[in-house]
Asker: 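Here you go, one structure.
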Amino acid sequence: MFESLSDKLSGIFDKLTRRGSLTEADVEEALREVRRALLDADVALDVVRSFSDKVQNRAVGANVIKSISPGQMVIKIVNDVLVETLGETAEPLNTEERPPVIIMMVGLQGAGKTTTTAKIAKRLKERNKKRVLMASLDVKRPAAQEQLAILGRQVEVDTLPIVPNQTPLQIARRAAEAARLEGYDVVLLDTAGRTHIDEPLMQEMADIKSYASPHEILLVADALTGQDAVNLAKNFDARVGITGIVLTRMDGDGRGGAALSMRHVTGKPIKLIATGEKMDALDEFAPKRIADRILG
Ligand code: GDP
């Protein structure tokens with residue numbers, strides 16, 4: 001087990017307080033520990049720098065050097081800035097517009113898009129009493145549409161019947177028509193992924209967006225994504241315009257730094273957290289819990 005950042009900071013400042021006075025250099029040393037902890041938690045380098053600047057400014061403003069318990073004060077500032085950056089409150093999915101509400105799921109292959117689509121469908125059906133329809137727009141991976149149908153049967157949510165050889169836009173049109181005709185409240189569109197970001201993928205997502213005019217575009221991202229998280233979130237947000245983020249694999253042993261990186265570069269809320277393969281393993285985002293995890 002490694003020592004938590006809070007313990008380390010308390011240690012540093014306790015030593016210093018006994019010496020009688022603190023200097024700017026002492027605070028700088030503490031900030032170095034903060035930066036190291038964030039990098040260990042897989043927060044992207046640029047984000048670490050800007051985070052550290054924010055903490056420093058606030059430490060100067062709060063006059064940490066002259067305070068009675070500088071260690072506690074710095075720990076509180078780090079925590080506050082972390083929670084502020086992550087977003088203080090949980091933002092719900094936007095499902096209360098005039099139906100059918102369209103939710104588009106985007107992300108790289110293997111991020112957990114299809115699994116998360118089914119989890120969200122189950123949640124909206126059970127908690128919000130919505131009539132939900134799911135449709136897979138992934139025509140690249142042969143088994144993708146069938147995979148969603150299997151999950152649909154498992155969570156008892158309808159999936160759009162599979163018609164071979166249709167384009168993603170044709171499937172999106174069928175889904176919208178079915179929703180209007182059959183009175184669904186919410187349509188979840190599960191899109192195709194790729195192993196990495198490329199232009200054809202971004203173009204396909206942009207086309208689906210302009211065609212389907214979704215109310216929500218959720219970026220599904222693996223919490224174990226390290227330095228790539230910034231690129232991923234930036235690209236999807238710039239080209240497709242996401243409305244929120246779902247972080248998957250939070251049950252893994254990653255420290256969740258991707259949450260901070262992606263929120264920082266896009267300003268878009270992390271709406272949900274996936275914590276396993278089971279269909280119930282989906283939680284509301286809780287900034288405090290992630291902050292604690294990042295700080296170790
Ligand atoms: P997609 O390619 O983005 O649609 O990814 P899938 O939904 O097919 O998921 C890929 C794999 O990750 C599957 O084996 C899922 O069961 C698994 N998975 C998805 N979400 C989570 C999660 O939150 N935690 C864990 N441990 N596994 C997950």
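Note that ligands are numbered from 1 as they come in the structure, with each ligand's atoms numbered from 1 the same way. Side chains included, hydrogens not; waters and symmetry mates left out as well; all remaining heavy atoms used.
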Asker: Applying a strict 4.0 Å limit to heavy atoms, is Ala281 in contact with ligand 1?
Answerer: no
Asker: Check the pair Lys54 / Thr85 against side chain to side chain contact (heavy atoms under 4.5 Å, CB included), numbers first and verdict last.
Answerer: CA-CA 10 Å; Lys54 222 178 198 175; Thr85 311; 4.0 Å; yes
Asker: Just go through Ala274, Gly110, Gly107, Ala223 and tell me whose heavy atom is the nearest to atom 2 (O) of ligand 1.
Answerer: Gly110
Asker: For atom 10 (C) of ligand 1, which of the options Lys278, Arg249, Lys113, Glu277 provides the nearest non-hydrogen atom?
Answerer: Arg249
Asker: To which protein heavy atom is atom 21 (C) of ligand 1 closest, and what is the distance rounded to 0.1 Å?
Answerer: Gly276 O, 3.6 Å
Asker: How long is the straight-line distance from CZ of Arg36 back to OG of Ser52, given to the nearest 0.5 Å?
Answerer: 12.0 Å
Asker: Out of Gly193, Ala118, Gly252, Gly112, who gets a non-hydrogen atom closest to atom 5 (O) of ligand 1?
Answerer: Gly112
Asker: Going by the atom numbers of ligand 1, which of them fall below 4.0 Å from some non-hydrogen atom of Gln109?
Answerer: 2 (O)
Asker: Is it the case that the side chain of Arg263 and the backbone of Ile245 share a donor-acceptor pair, with hydrogens and angles ignored and the cut-off at 3.5 Å?
Answerer: no
Asker: Check whether any N or O atom of Gln147, backbone or side chain, sits under 3.5 Å from an N or O atom of ligand 1, and answer yes or no.
Answerer: yes
Asker: Check for a donor-acceptor pair, side chain of Arg131 on one end and backbone N or O of Glu182 on the other, with a separation under 3.5 Å.
Answerer: yes
Asker: Count the heavy atoms of every other residue, nucleotide or ligand shown that sit under 6.0 Å from NZ of Lys125, and state whether that count exceeds 12.
Answerer: yes
Asker: If you look only at pairs with a residue in residues 97-114, which of them pass as a salt bridge (charged side-chain N to carboxylate O under 4.0 Å, His left out), with sequence neighbours excluded?
Answerer: none
Asker: With heavy atoms under 4.0 Å as the rule, classify the contact between Met250 and ligand 1 as side chain, backbone, both or neither.
Answerer: neither
Asker: Whether the side chain of Lys271 engages the backbone of Pro92 through a donor-acceptor N/O pair (distance < 3.5 Å, no angle test) should be reported.
Answerer: yes
Asker: Which one holds for Leu108 and ligand 1: side chain close, backbone close, both close, or neither close, with close meaning a heavy atom under 4.0 Å?
Answerer: backbone
Asker: Could you see which bit of Thr275 sits under 4.0 Å from ligand 1, with heavy atoms only: side chain, backbone, both or neither?
Answerer: backbone
Asker: Can you check which of Ile273, Thr115, Asp251, Val106 brings a heavy atom nearest to atom 15 (C) of ligand 1?
Answerer: Thr115
Asker: Determine, using the 4.5 Å side-chain heavy-atom cutoff (strictly less than), whether Met105 and Leu247 are members of one ILVMFWY cluster.
Answerer: no
